[in-house]
Structure formats: structure tokens, C-alpha cells
Amino acid sequence: MIYIIAGQTASGKTALALDFAKRIGGHIINGDAFQVYRGLDIGTAKPTKEEQSSVPHHLYDIVDIDQSFSIFDYQARARQLIDELLAKHVPVIITGGSGLYIRSVLFDYTFSPSRPVDMSMYLAMSSEERHRFLQSIDEESASKIHANNQRRVLRAIEIFLQTGRKKSEIEQDQKKTPLYPYVMVTLDQDKEVLAKRITTRVEMMFKSGLQAELTALLNHYPPTAPGFRAIGYKELLANPDLSEEQLTQLIALNTRQYAKRQNTFFKNQFHIHPFKTHDDALGFLLKKHEETHNNE
RNA sequence: GGAGGAGUAGCGAAGUGGCCAAACGCGGCUGACUGUAAAUCAGUUCCUUCGGGUUCGGUGGUUCAAAUCCGCCCUCCUCCA
């Protein structure tokens, strides 16, 4: 059984995962796109060293900030890890806020090994032309992807060029049921409560030395490194003239908007059990764990 | 006290007689999501029983018709005293 603790950023996932893991002797697997980066500690609210050593943690700090890391890498590493742990009957707890990453592990998402293809011709097209081209090779995908969503249109074209198959066709062939049995819990704070928590958290990040962390990292990595696209870092890099107060507001705003998108994704893409409090969620998870234990 | 300028939807800001419930941006809300996902994109945003109703600082006028023109009042800004 895989336990998934998801929810919006700053909702209290880390603490819940820690408590639950300790109670059942489980291992925690990171389900967060930016906590995989070494050095991004304060801004990503990564579990502290002490927390990480109190329970086995996986897939944290596995790549450098200037390395690219994608769902493809995540899926492969997470699945391998899950298989190993389950084989040893170790309960697996995935926690994080990157819904798509978690989905790609649980469901039969298939990513073909990437083969470089020349996209320059398509990059040069207008978005209308590009969308029309996609229509000509994969009508179904074109109908699902808005012409303005250039990133997705391009990817659908790229898939076709790399594999010779339509994106829609590849997805058609995938199993629709989860690959692993799972229970998923989310922590849902009221909007106002979450907004306050986010602001407080951003203020804390500055107090803990977010600026200094970034400055130190910039001695080793270029500001364009993939890891620096994370909220909390990208704002600092893009707005060197803003005051700490203004930056706090900007980061909090971006975080709130991100939290909203997370909420939509979890609510609509998974079967979830939502809870408002840490204790309720923990109680539910423990009960679930007991049930599955008795069935084994 | 005098001279100018400004007050438009949650905020910023266009509009200066009819095509205005009012462009656009931000924020808010809802949604999509299969290799950048802490990303990218879409819809929506005065009220409504969907017939309509009530708006552009306030008020009184002019006009077939006013956010737009005129009078008075209120508030804010700049300059002169």
C-alpha cells in the first residue's frame, strides 16, 4: 500500500508525513518537483536535516541546481524505489505538492526515451500555424490543447516526431487504473488560513536567510539554472530592486496562486480523502494502515 | 484665500454626447493538465427569477439620448499666497 500525503503548499504535509512515518515505520518519498534540488533548502521549505534523519527520506537532494530534471526522471526513480521498498514490506509514503509527478508514478503514464529532434521549424511558426500543423498529424490532441498553449502544442508535435506515434494514441493504449494500490489524503486549510500561513512562511524564509542562500548558490550556478525557477528564488532574481517587504508580498502572491492550482489538480485528478486537521488525517491514515495490515 | 488638475467596476487605467454594463492590465473565482508542472493555458468577474434592473464622487439641469455638456456641492493632488 502506498500512502500519499498531498495538499497545497504550506498546508502541513511535511509534519503529517513525519508523524505518520514514525508511527508505522514507513519511508518518505519526495513528491515535489523542486525539493529534488541540492541547495534549495529554505525557499522550497524542504524538511530539515534533523527531520530527514528521523525517518528515512528519499528523492530529496538528488540533483544539482544546474541539472535539468523532469517528470521522466522522477517517474523512473520513484517507481524503482517503490518497488524496492514494497518488496521489503516497507510502507511507502509519498508527500509533496507536484500533482503531475505523483500521477505519473501511480498511473500508467509512458514517456518514451527522448531522442533529440529539430524543433526549430515549429518554433518559428505562429501559434495558429503550429496548432494547425498539430491538427494535421494528431487531430485528437489538437482538439484538446488550446492553440495558445504553445508549450503543450510543441510537446505534442515533438512526441510525434520522436516516436512516429500520436500523443493521443499513446495515451489511448495506457491502462486507466492505478499501478499500485494507494490511499491519498490531502490537508485542506481554509483559504484565509492558508493565505496567512503562506505569508508567515515567506517572512520566515527571509528571516532564515533566503537571500543569503541564493547569494551563496550564485557563486556556483548561473542564475538561469533550472532550479532557480522555483518560487522564492525566481522573484529575487528577477526583481533585484524591490524591498524585502515587496518581495515578500510578491512571493506570497505567487505561492497563493500556485496553491490554488494545486488544489484544482488534486481535487479533480485523484480520488482523495480531504482533511482539515493534522490529527484527523493522521487518524484516518493509521486506521487505513491497520486495515490493510490485517488483510495481508 | 487664489490658480490649475483629478475623482470610472475590488485596484490601476482607457473612454469625453448614442455602437457603454463601460477597452485593457492586475487581483479574485472556476477549470484544463501525460518530459520545463513552484510550469503552461482557458473561461469568468455590478445585480438578476435572464424579461430586465441599478452604475462612472454627490446633486440639479440641458438633450430624443449623458461616464461624456452646464450649474452648485464634496473629496484629493500640484502650484501661488
Side-chain angles (χ1 to χ4, degrees), chain A residues 6 8-10 13 30-37 40 42-46 63 66-78 96-117 119 127 130-131 138 140-141 143-163 165-176 179 191-192 195 198 201-202 205 224-238 249-270:
Chain A
Q8 296 161 295
T9 186
K13 297 187 291 288
N30 169 235
D32 204 295
F34 281 92
Q35 292 185 359
V36 299
Y37 286 103
L40 300 184
I42 297 171
T44 63
K46 198 181 283 172
V63 289
D66 57 352
Q67 291 181 277
S68 68
F69 184 84
S70 78
I71 192 165
F72 176 79
D73 309 291
Y74 180 79
Q75 185 196 48
R77 300 185 70 149
S98 300
L100 185 64
Y101 277 32
I102 295 172
R103 256 194 93 82
S104 79
V105 169
L106 254 31
F107 291 87
D108 186 24
Y109 283 18
T110 46
F111 304 110
S112 52
S114 86
R115 189 148 43 84
V117 278
M119 295 296 290
S127 41
R130 204 181 292 136
H131 193 252
D138 182 355
E140 193 183 335
S141 292
S143 74
K144 284 185 190 157
I145 303 172
H146 191 101
N148 290 354
N149 204 335
Q150 306 195 27
R151 181 172 291 190
R152 294 227 182 106
V153 173
L154 277 166
R155 171 93 266 255
I157 293 171
E158 190 182 41
I159 288 173
F160 184 78
L161 298 177
Q162 284 179 338
T163 67
R165 298 189 69 204
K166 301 174 185 180
K167 174 175 181 285
S168 54
E169 200 178 275
I170 292 170
E171 288 174 22
Q172 197 63 241
D173 292 345
Q174 296 168 355
K175 289 195 218 63
K176 299 293 178 266
L179 268 38
K191 194 163 308 183
E192 299 72 26
I198 287 172
R201 180 145 109 173
V202 176
M205 285 176 180
T224 52
F228 290 140
R229 291 176 325 226
I231 294 175
Y233 300 93
K234 64 176 176 189
E235 292 85 356
L236 300 189
L237 287 165
Q249 284 180 21
L250 180 62
I251 293 170
L253 172 66
N254 286 340
T255 306
R256 266 182 265 128
Q257 295 180 331
Y258 166 52
K260 165 57 189 156
R261 272 176 273 133
Q262 287 180 303
N263 201 239
T264 304
F265 197 90
F266 289 128
K267 193 171 61 181
N268 299 316
Q269 300 283 328
F270 293 97

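Here, B:rU44 and B:rG10 have their C1' atoms 15 Å apart, quoted to the whole Å. Separating the P atom of B:rG27 from that of B:rC33 is a span of 23 Å, rounded to the nearest Å. Taking atom P in both B:rU8 and B:rU68, one finds a spacing of 14 Å when rounded to whole Å. To the nearest whole angstrom, the two P atoms, one in B:rG25 and one in B:rC73, are 40 Å apart. Taking atom P in both B:rU16 and B:rC69, the straight-line distance is 10 Å, to the nearest Å.
Across all strands shown, A:Ser68 has no heavy atoms under 4.0 Å from either base or sugar-phosphate atoms.
Scanning atom types as modelled, no donor and acceptor separated by under 3.5 angstrom connect the side chain of A:Asn268 and the base of B:rA32. In terms of polar N and O atoms assigned as donor or acceptor, the side chain of A:Arg103 never comes within less than 3.5 Å of the base of B:rC33 in a complementary pairing.
If you take CD of A:Gln262 and C1' of B:rA32, they are 16 Å apart, rounded to a whole angstrom. Counting to the nearest Å, the P atom of B:rA37 and the CD1 atom of A:Ile231 are 12 Å from each other. One interatomic measurement links the two molecules: CZ of A:Arg261 to C1' of B:rU40, which rounds to 9 Å at whole-angstrom precision. A straight line from CG of A:Asn149 to P of B:rG31 spans 18 Å, rounded to a whole angstrom. Rounded to whole Å, atom P of B:rU36 lies 15 Å from atom CD of A:Gln150.
Within the 4.0 Å cut-off from OP1 or OP2 of B:rA38, not a single side-chain nitrogen or oxygen of A:Arg256 is found. OP1 or OP2 of B:rC41 has not a single side-chain nitrogen or oxygen of A:Asn148 nearer than 4.0 Å. When the side-chain nitrogen and oxygen atoms of A:Ser70 are compared with OP1 and OP2 of B:rU36, none of them lie within a distance under 4.0 Å. The side chain of A:Lys144 places no N or O atom within less than 4.0 Å of a non-bridging phosphate oxygen (OP1 or OP2) of B:rA32. The phosphate of B:rU34 (OP1 or OP2) has no side-chain N or O of A:Tyr109 nearer than 4.0 angstrom.
Within the model, atoms CZ of A:Arg115 and CG of A:Leu161 stand 9.5 Å from one another, a figure rounded to the nearest 0.5 Å. Note: A:Met205 CE to A:Ile42 CD1 = 8.5 Å, rounded to the nearest 0.5 Å.
Here B:rG12 sits opposite B:rC24 as a Watson-Crick or G-U wobble pair (both hydrogen-bonding atom distances under 3.5 Å). Judged by Watson-Crick or G-U wobble contacts below 3.5 Å, the nucleotide B:rC72 has B:rG58 as its partner.
No hydrogens or angles considered: a donor-acceptor pair under 3.5 Å links the side chains of A:Thr110 and A:Gln174.
A:Asp73 places no side-chain N or O within donor-acceptor distance of the main-chain N or O of A:Phe69, the cut-off being under 3.5 Å.
A salt bridge is absent between A:Asp108 and A:Arg103: the closest approach of a Lys/Arg side-chain nitrogen to an acidic carboxylate oxygen does not fall below 4.0 angstrom.
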